[in-house]
Amino acid sequence: MTDAPLVLRERLLEAPWARDLAGPQVARVAKETLLVHHASGSVICREGEPALHWIGVIDGMVKVDTVSAEGRSTTFIGVSSGGWLGEGSLLKRERRHYEVVALRDSWIALVPLETFTWLFETSLTFNHFLVHQLNARLGQFVAVVESCRIQTTTAQVAVCLAGLFNRELSPQAPNVLKISHEELARLCGLSRQVAGRALHELEQAALVKMQYGVIRVLDVDALHAFARSGELHTDSSPARSRGLPSP
DNA sequence: TCATTAAACGCGT
DNA sequence: ACGCGTTTAATGA
């Protein structure tokens, strides 16, 4: 087992839910939270396992997915640095319904069930955070369903990409995503071909720039706007003139 | 018939 | 070894 660098422990306590806790609560979280490293592709928790931890992505990226009996798999969400997940099973005291897998080398925080429950029962701040997070995630899923039903595939990809940059759910997500077209396609529920075509359209619209295995988001706000409206303004469009005064 | 898909192939990093 | 464009063969609208 590798020891986590000190800077990661510090980052844990900078999490939005941890920042405003009282001193003794912070101390207990710091003492009881585990920091573990997961290599890309390794399973952080399995479907059907008892849920014993709340999961934080301190550095890296994970996906939440499921595999059907026939072996077909799909990804529900990706969670970037600064994101927290897995509270659903803890709150319901259920086994894990989904699998959590590291999409790249990641440092993962594991808050024990007992610690999580104690915060849930004693901290109003913590409860506010949970409500906020559940609300944000619900909004994200509604956006996915909406785009899936009434938008183009390009908009669907934008919604899924924007989801990785949700300021509430993954506050520290870097603008440079190390993710393959194949994984992004799984995340969007699209084929690799279609996801690739959509990414090129987003690139032409100057919302993203692609490199080998990397998607760099150039304009997070524009990506969110497109994800919301489904309206894509390419740079050839008159609506997007040069030399706008920018703040 | 046309579009879409997963798998295979091949080139480049 | 992996990422990604392309080809191919099967499937379905």
Side-chain angles (χ1 to χ4, degrees), chain A residues 1-2 36-47 57-83 85 98-108 140-141 143-166 170 172-220 222-223 226-227 229-232 234-236:
Chain A
M1 221 192 266
T2 327
V36 294
H37 184 264
H38 277 270
S40 179
S42 80
V43 177
I44 294 164
C45 75
R46 304 196 133 76
E47 210 169 327
V57 183
I58 302 303
D59 186 67
M61 179 158 47
V62 307
K63 65 173 176 178
V64 179
D65 71 6
T66 192
V67 183
S68 76
E70 299 87 42
R72 290 174 55 83
S73 75
T74 191
T75 302
F76 297 118
I77 46 169
V79 181
S80 310
S81 296
L85 65 153
Y98 314 112
E99 177 178 73
V100 179
V101 180
L103 280 181
R104 34 178 269 244
D105 287 11
S106 300
W107 280 99
I108 301 299
Q140 186 181 337
F141 277 114
V144 169
V145 172
E146 180 186 6
S147 72
C148 193
R149 301 233 173 122
I150 64 178
Q151 295 289 1
T152 62
T153 54
T154 305
Q156 284 180 56
V157 171
V159 167
C160 291
L161 267 181
L164 293 171
F165 290 95
N166 187 312
S170 293
Q172 295 158 27
N175 279 16
V176 176
L177 278 183
K178 199 192 169 305
I179 188 173
S180 66
H181 290 188
E182 170 128 40
E183 277 302 343
L184 188 72
R186 292 176 164 284
L187 187 57
C188 301
L190 300 168
S191 69
R192 184 155 76 88
Q193 290 100 317
V194 170
R197 178 156 47 80
L199 280 170
H200 284 109
E201 281 182 41
L202 293 177
E203 185 167 48
Q204 278 183 6
L207 296 183
V208 305
K209 177 148 177 56
M210 288 187 286
Q211 289 148 343
Y212 45 94
V214 167
I215 299 166
R216 179 191 308 265
V217 174
L218 301 176
D219 191 337
V220 180
L223 187 68
F226 173 46
S229 68
E231 299 278 331
L232 189 54
T234 62
D235 39 7
S236 61

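Residue numbers start from 1 in every chain, and the chains themselves are labelled A, B, ... in the order their sequence lines are given, proteins ahead of strands.
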For this session: Before giving the answer on side chain to side chain contact (heavy atoms under 4.5 Å, CB included), spell out for A:Leu161 and A:Leu177 the whole-Å C-alpha distance, their side-chain angles and the decisive distance to 0.1 Å.
Result: CA-CA 9 Å; A:Leu161 267 181; A:Leu177 278 183; 3.6 Å; yes
For this session: Determine, step by step, whether A:Met61 and A:Val57 satisfy the side chain to side chain contact (heavy atoms under 4.5 Å, CB included) criterion, reporting the C-alpha distance in whole Å, the side-chain angles of both residues, the deciding distance to 0.1 Å, and the verdict.
Result: CA-CA 7 Å; A:Met61 179 158 47; A:Val57 183; 5.6 Å; no
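The heavy-atom pair separating A:Val79 from A:Leu164 by the smallest distance is N-CD2, 4.2 Å. Here the closest heavy-atom approach between residue A:Gly230 and residue A:Ala155 is recorded as CA-CB, 4.4 Å.
A:Glu183 comes within contact range of no nucleotide atom at all, as no heavy-atom separation falls under 4.0 Å.
Rounded to whole angstrom, the span from the CG atom of A:Leu103 across to the P atom of C:dC2 amounts to 14 Å.
Residue order along DNA chain B, read from the 5' end via each residue's closest nucleotide, puts A:Arg192 first among A:Arg192 and A:Tyr212. Each of A:Gln193 and A:Lys178 was matched to the nucleotide of DNA chain C holding its nearest heavy atom; the match closer to the 5' end belongs to A:Lys178.
Interatomic distance, A:Glu203 CD to A:Leu218 CG, rounded to the nearest 0.5 Å: 8.5 Å.
Think of the region where chain A sits on DNA chain B: with heavy atoms and a 4.0 Å cut, that region ends 5' and 3' at B:dT5 to B:dT13.
A donor-acceptor contact shorter than 3.5 Å links the side chain of A:Ser170 to the backbone of A:Ser80.
Taking side-chain N and O atoms only, A:His200 has no distance below 4.0 Å to OP1 or OP2 of C:dC4.
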